[in-house]
Amino acid sequence: MPVGAPHATVLGLGIHRAERIVPNADVIEAIDSSDAWIQQRSGIRERRWVGPDETLETMTLEASRKALASSGIDAAQIDAVIVATCTWTMQTPALATKVAHALGTQSPVAFDISAACAGFCHALALANDMIRAGTARHVLVIGAELLSEMTSRTDRGTAFIFGDGAGAVVVGPSEVPGIGPVVWGSDGEQFDAIRQSTDWREVLASDSPEMPYIQMDGGTVFRWASFEMAKVAQETLDRTGIRVEDLDLFIPHQANMRIIDAMARAMKLPEHVRIARDIAEQGNTSAASIPLALGRMYDEGQAHSGDLALFIAFGAGLSYAAQVVRIP
Ligand SMILES: CC(C)(COP(=O)(O)OP(=O)(O)OC[C@H]1O[C@@H](n2cnc3c(N)ncnc32)[C@H](O)[C@@H]1OP(=O)(O)O)[C@@H](O)C(=O)NCCC(=O)NCCS
């Protein structure tokens with residue numbers, strides 16, 4: 001029987017922001033909107049979209065290499081690679097297998113998971129469990145999305161929301177807890193609230209096939225996220241055995257600035273807890289949003305090694321996952 005580590009911890013972070021900065025001015029015409037409306041309703045000023053030489057794979061590799069470097073772990077020590085994404089356009093094989101090979105890892109277990117915007121927190125929870133169960137020692141966890149390719153430029157409810165990027169962490173064994181218990185779940189009754197516009201079979205049957213895009217019932221998602229996720233956040237703190245005052249950082253999925261504010265109010269976050277607001281300049285990058293948001297907090301001097309952060313992510317499914325993390 002494999003022998004697991006007593007605990008697991010995040011050893012290092014790497015991020016990659018897509019290179020093209022796209023201000024609101026560039027998206028408003030096609031949806032009859034305005035910079036003021038987008039900022040007021042979503043908090044987004046600009047988003048990042050891929051440049052001509054960037055792909056989902058290149059962004060994933062960039063973030064992964066930086067995560068390995070910052071954690072001081074060699075690619076050969078990685079025995080599992082998990083990619084959370086909803087924008088890898090190959091049904092099979094998994095992007096994780098390609099990335100693992102390109103990084104020079106040695107035949108690790110490698111797979112993708114589909115949990116939309118909650119994917120990074122799902123993958124982190126799996127890594128934590130694998131290390132403690134002894135089925136892996138060092139796990140590379142990646143959230144990566146190329147959403148500009150799956151965004152309709154004329155859909156008023158989504159054209160201004162999404163961005164591209166990737167974030168990765170290396171998770172390894174530890175004597176002390178670095179990742180708290182996960183609270184996760186889904187509400188399949190709301191399966192349609194955020195969805196791919198068309199099934200691939202419908203695309204093939206069409207006379208003028210088009211890339212499917214992400215559609216959503218903005219109001220439904222907004223209400224669900226603002227109220228239900230604050231309860232999940234509290235449950236996560238309770239299971240971890242800490243109080244909201246013990247947190248240093250609140251890093252929710254970057255879906256909408258008003259959702260972030262509503263959650264912070266519902267949780268009664270004390271003033272000293274720094275709140276991630278990466279969405280303003282990055283847009284919503286689904287599975288990549290939490291590591292990207294953490295990256296900005298380091299860059300801006302808001303996050304420091306050893307800080308206690310609450311990660312909470314939610315999205316299509318409607319799926320969600322949250323955990324408390326001691327950041328590297
Ligand atoms: C998408 C979202 C910003 C829309 O904001 P909203 O306040 O719900 O907007 P509504 O759809 O209720 O529309 C309000 C008004 O703005 C108008 N409107 C809608 N989209 C618009 C746009 N892009 N530009 C300008 N006006 C717009 C509507 O026509 C409506 O006008 P009316 O009041 O005259 O009828 C918001 O619902 C949201 O962010 N939801 C959650 C999104 C999310 O988190 N997604 C990711 C989950 S992982």
Side-chain angles (χ1 to χ4, degrees), residues 22-47 84-87 113-122 143-148 150-165 167 184-188 190-197 213-230 232-233 251-264 266 276-280 282-293 311-322:
V22 180
N24 286 343
D26 289 9
V27 300
I28 54 181
E29 198 179 315
I31 52 173
D32 185 22
S33 189
S34 67
D35 176 40
W37 190 94
I38 294 173
Q39 288 207 41
Q40 199 254 325
R41 297 291 171 124
S42 71
I44 299 171
R45 287 197 298 271
E46 59 194 30
R47 70 282 299 132
T85 185
C86 60
T87 46
I113 60 167
S114 170
C117 303
F120 180 80
C121 290
H122 278 68
E145 302 286 8
L146 204 171
L147 280 152
S148 61
M150 291 193 74
T151 298
S152 161
R153 300 288 183 267
T154 56
D155 183 307
R156 290 189 101 201
T158 54
F160 59 92
I161 287 185
F162 296 118
D164 302 332
W184 51 1
S186 66
D187 179 6
Q190 304 200 66
F191 179 86
D192 282 335
I194 308 172
R195 63 198 173 276
Q196 183 173 310
S197 57
Y213 60 93
I214 309 287
Q215 273 180 335
M216 79 182 162
D217 303 330
T220 304
V221 178
F222 192 95
R223 284 187 294 278
W224 174 79
S226 301
F227 300 109
E228 297 305 318
M229 289 306 100
V232 170
I251 312 186
H253 168 49
Q254 304 288 293
N256 180 311
M257 201 71 89
R258 289 190 301 146
I259 295 178
I260 296 171
D261 289 335
M263 287 173 67
R277 299 189 181 282
D278 191 44
I279 187 170
Q282 174 68 54
N284 172 349
T285 52
S286 190
S289 89
I290 286 183
L292 283 171
F311 291 178
I312 179 163
F314 46 87
L318 291 172
S319 58
Y320 59 88

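Just follow the structure's listing: the first ligand is 1, and inside any ligand the first atom is 1. A quick note: this is a predicted structure, and the numbers were derived from the prediction, not measured.
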Item checked: Shortest protein contact, atom 1 (C) of ligand 1 (heavy atom only) -> Gly157 O, 3.6 Å
Check: Would Glu145 and Thr87 count as having a side-chain donor-acceptor pair, cut-off 3.5 Å?
Finding: yes
Check: Under the 4.0 Å line, does any protein heavy atom show up next to atom 6 (P) of ligand 1?
Finding: yes
Notebook entry, point to check: At a non-hydrogen distance cut-off of under 4.0 Å, which region of Phe314 contacts ligand 1 (side chain, backbone, both, or neither)?
Noted result: backbone
Check: Going by heavy atoms, is Gly219 under 4.0 Å from ligand 1?
Finding: yes
Next item on the list: Compute the shortest N/O to N/O distance between Arg156 and ligand 1 and return yes if it is under 3.5 Å, no if not.
Entry: yes
Next item on the list: Look at atom 42 (C) of ligand 1 and say which protein heavy atom is nearest, naming residue and atom and giving the distance to 0.1 Å.
Entry: Met216 CE, 3.3 Å
Item checked: For atom 18 (N) of ligand 1, closest protein heavy-atom neighbour -> Trp37 CZ2, 3.4 Å
Note to self: Checking a contact table here: which protein heavy atom is nearest atom 10 (P) of ligand 1, and how many Å away?
What the structure shows: Arg41 NH1, 4.5 Å
Notebook entry, point to check: If only atom types and distance count, is the side chain of Arg156 paired as donor or acceptor with the main-chain N or O of Thr154 below 3.5 Å?
Noted result: no
Item checked: N or O contact, Ser33 vs ligand 1, cut-off under 3.5 Å -> yes
Margin query: Tell me whether atom 33 (O) of ligand 1 lies less than 4.0 Å from at least one protein heavy-atom position.
Written below: no
Check: Is it the side chain, the backbone, both or neither of Ile28 that has a heavy atom closer than 4.0 Å to ligand 1?
Finding: neither
Notebook entry, point to check: Relative to the ring of His122, is the ring of Trp184 parallel (under 30°), tilted (30 to 60°) or perpendicular (over 60°)?
Noted result: tilted
Margin query: Students should be able to answer this: which protein heavy-atom is nearest to atom 48 (S) of ligand 1, and at what distance?
Written below: Cys117 SG, 3.2 Å
Checklist line | Part of Ile194 within contact of ligand 1 (heavy atoms, under 4.0 Å) | finding: side chain
Checklist line | Side-chain heavy atoms of Thr285 within contact of Gln254, under 4.5 Å | finding: no
Next item on the list: Heavy-atom distances under 4.0 Å are what count here, so tell me which part of Ile259 touches ligand 1: side chain, backbone, both or neither.
Entry: side chain
